[in-house]
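These notes concern the structure reproduced below.
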Amino acid sequence: MILVIILLHIAEYAVDTVDAVRPVPDQNTVCAFENVSSNYGMCRPACPYLVSHSPCKLLLEIAFKIICFHGSLSDLEHQLSAAVYKLHCSSGSEVTHQNIIRVFPTAGFELIDTTEFVEEETLPSYNAANYYPVRIGEVLNRRYQVLTKLGYGVTSTVWLCHDLSNSKYIALKVYVHGVEKNNELSVYDRTNSVETDHMGKLFMRKLLDHFHIEGPHGHHTCLVLQPLGITVEQFLCFCPGRVMTIDDLKPCLRQVLGVLDFLHTQAHIIHTDLQLKNLLLPGNDPKSFSDLEEAELKDPSPRKILDGREIYLSRMPIPGNGLPLLSDFGEARFSNEEHREDIMPNVYRAPEVVLKMNWDCKVDIWNVALMAWDMVCHRTLFQGRNSDDIFDDRAHLAEMMAILGPPAAEFVTKSPVGSVFWDENGRRKNLFSIPNALLDELAADIQGHNKKGFLQFMQRALKWDPEDRLTAWELMLDPWMMEGLELRKRG
């Protein structure tokens, strides 16, 4: 910032060498500059007059660019940025708020009690030292200014930012430290390297850039992502009963299956974490993001300030139009490797995962069927909880048997823990009772045309043995999925 001050001093001196009539500046500009110039020891507050002279305009341009790419700014530097911006505008340069560093309020927000857990603090595995202490208004990587918080998770926080180099909005995912090899970045490297005309590739969230920053406690990977709208989980909150009809489900499901077909057959990637919160609606209207930015300026986000860090409440973008895109590849795996590790949210785990067997891309097929069910039904298909309301594999397997019938003995013998639940003949041990729950009875409240076809679709996807499940492409060609499509005959 010393260089900026020197440039402003030179510009101020240049005014004295120009024999011209000085225009009367805007009073707000004068006041803003007076405050900053006095703080930085500048010789006089007359500098706003200099903006009418072309040599001074050039110096201001240089000062403005330095500020834009300076990085994190102190409060005093923010004031200087605001002053230079006002001078910059007065000089007649074409500039909008999208390509300048904005100054966000440092007061006037709701302060949350320090004893209350909010946002990422509510996660069981939360450790404050793992998270980079992002602050609204700071500039990361000398390019991305943080505008507001969009969300949080076990491995990251997500922020709406301005790319100061091109005046566009982006979503910045700041990972917790300690991740030596970023799995999501590796997945994007793989998918981006696939040259294909497969439409499914277009239905993934795009990675635009990545960089690394050093936090107080370690190294953090940051992914610059395509900005999107709300999640399908959030969208359902706007639907009657928080569910959609099976007719409305179909287009969304076709798109997800299209992505999975690309991932499985061409990129050789298994997502493993298909959830409603990982499907995001398009963010194709920049106004929805500019509205969030202006809201942060006029009504700053409530926050909790503790031990030198600020934990902000997230803001929700306005729902956009269009079908959702698949995001969050942090738990994805490469299918050319052998896998037996524990994956997936508990209620979505496929039988081979519960039974600690080797698994492949067919876990995504099981997963997508259960996710589809959650879009149209109030109740998750498998609860997996025992009488003490604790998640229990025995209860989970019992519910699977109620819906799917017993597994084949040949399948059970492949599991290293199969003998815990079944005898050598494949008969269930008396460790759990089978609930009275049939698929069509659980689907009683589902709305839409041809519920029978939807349930048959579910049965084709939910099979004990992954080899018996259909592929993503085969499910796209399912009779129920093809219903309503007017396809031209070839030839």
Side-chain angles (χ1 to χ4, degrees), residues 1 3-4 7 57-73 77-78 80-82 84-104 132 134-151 156-175 184-185 188-189 191-192 201-202 204-213 220-229 280-297 315 317-318 320-322 325 327:
M1 294 307 293
L3 179 56
V4 176
L7 287 170
K57 287 171 64 175
L58 176 61
L59 292 169
L60 283 174
E61 290 281 354
I62 298 172
F64 175 72
K65 292 296 183 183
I66 291 172
I67 288 177
C68 280
F69 292 94
H70 175 263
S72 299
L73 302 178
E77 288 165 339
H78 274 302
L80 180 59
S81 173
V84 172
Y85 168 60
K86 290 183 178 181
L87 293 174
H88 189 80
C89 293
S90 301
S91 70
S93 301
E94 292 184 4
V95 58
T96 62
H97 74 268
Q98 283 91 351
N99 58 9
I100 59 97
I101 294 178
R102 306 212 69 182
V103 183
F104 287 87
Y132 180 82
V134 180
R135 296 185 67 184
I136 289 176
E138 76 172 303
V139 177
L140 296 173
N141 202 39
R142 301 178 180 271
R143 178 172 175 178
Y144 304 105
Q145 186 181 21
V146 180
L147 305 179
T148 197
K149 187 177 182 181
L150 294 176
S156 65
T157 52
V158 182
W159 306 80
L160 179 67
C161 298
H162 258 150
D163 184 342
L164 297 172
S165 71
N166 59 21
S167 304
K168 292 183 178 180
Y169 291 103
I170 60 96
L172 187 67
K173 187 172 188 177
V174 183
Y175 268 88
E184 188 162 19
L185 190 55
Y188 273 114
D189 286 342
T191 58
N192 290 340
K201 186 176 180 180
L202 303 177
M204 293 173 51
R205 187 180 209 173
K206 293 180 177 60
L207 175 70
L208 307 175
D209 188 14
H210 72 277
F211 59 92
H212 306 280
I213 54 176
H220 300 264
T221 299
C222 299
L223 303 187
V224 180
L225 298 164
Q226 172 187 7
L228 296 175
L280 278 74
L281 298 179
N284 41 24
D285 183 6
K287 187 178 184 303
S288 65
F289 300 125
S290 62
D291 287 346
L292 286 180
E293 180 181 2
E294 294 305 315
E296 188 63 51
L297 286 163
R315 290 185 185 269
I318 297 173
N321 295 322
L325 279 69
S327 70

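Along the sequence shown, residues carry numbers from 1.
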Item to complete: Step by step, work out the side chain to side chain contact (heavy atoms under 4.5 Å, CB included) result for Leu150 and Leu292.
Response: CA-CA 10 Å; Leu150 294 176; Leu292 286 180; 4.0 Å; yes

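- Residues satisfying the salt bridge (Lys or Arg N to Asp or Glu O under 4.0 Å) test with Arg205, not counting sequence neighbours, are none.
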Worksheet entry | Audit row: Arg315, Glu293, salt bridge (Lys or Arg N to Asp or Glu O under 4.0 Å) steps and yes/no | CA-CA 10 Å; Arg315 290 185 185 269; Glu293 180 181 2; over 6 Å; no

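- With sequence neighbours excluded, the residues forming a side-chain contact (heavy atoms from CB on, under 4.5 Å) with Asn192 are Tyr188, listed by chain and number.
- Within the model, atoms CG of Leu185 and CG of Leu223 stand 6.0 Å from one another, a figure rounded to the nearest 0.5 Å.
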Worksheet entry | Verdict with supporting geometry, Arg143 and Asn166, side chain to side chain contact (heavy atoms under 4.5 Å, CB included) | CA-CA 10 Å; Arg143 178 172 175 178; Asn166 59 21; 4.3 Å; yes

Worksheet item: Under the side chain to side chain contact (heavy atoms under 4.5 Å, CB included) criterion, do Leu147 and Tyr169 qualify, and how do the steps go?
Response: CA-CA 9 Å; Leu147 305 179; Tyr169 291 103; 3.5 Å; yes

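- The minimum heavy-atom distance between Thr148 and Ile136, with the atom names listed, is CA-CD1, 4.0 Å.
- Residues meeting the side chain to side chain donor-acceptor pair (under 3.5 Å) test with Asp209, sequence neighbours left out: Tyr144.
- Taking SG of Cys161 as the reference point, atom CG of Leu140 lies at 6.5 Å (rounded to 0.5 Å).
- The side-chain contact (heavy atoms from CB on, under 4.5 Å) search around Leu325 returns Gln226, Leu228, Gln255, Pro282, not counting sequence neighbours.
- Between Leu225 and Ile170 the shortest side-chain heavy-atom distance does not fall below 4.5 Å.
- Taken to the nearest 0.5 Å, the CG atom of Leu207 stands 12.5 Å off from the OG atom of Ser327.
- A salt bridge is defined here as a Lys NZ or Arg NE, NH1 or NH2 lying under 4.0 Å from an Asp or Glu carboxylate O, and Glu294 with Lys287 fails to meet this definition.
- Remark: the backbone N or O of Phe104 is not paired with any side-chain donor or acceptor of Glu296 at under 3.5 angstrom.
- Every residue two or more places apart in sequence or in another chain was checked for a side chain to side chain donor-acceptor pair (under 3.5 Å) with Ser288, and none qualifies.
- Under the rule for a side chain to side chain donor-acceptor pair (under 3.5 Å), the partners of Thr157 that lie at least two apart in sequence or sit in another chain are Trp159.
- Atom NE2 of His220 and atom NZ of Lys173 lie 15.0 Å apart (nearest 0.5 Å).
- For the ring-ring contact (aromatic ring centres under 6.0 Å, His included) test, no residue two or more places apart in sequence or in another chain qualifies with His210.
- Residues forming a salt bridge (Lys or Arg N to Asp or Glu O under 4.0 Å) with Asp285 (at least two apart in sequence, or on another chain): none.
- Taking Leu202 as the reference, Met199 meet the side-chain contact (heavy atoms from CB on, under 4.5 Å) condition, with sequence neighbours excluded.
- When all heavy atoms are compared, the tightest approach of Gly229 to Pro317 is C-CG, 4.1 Å.
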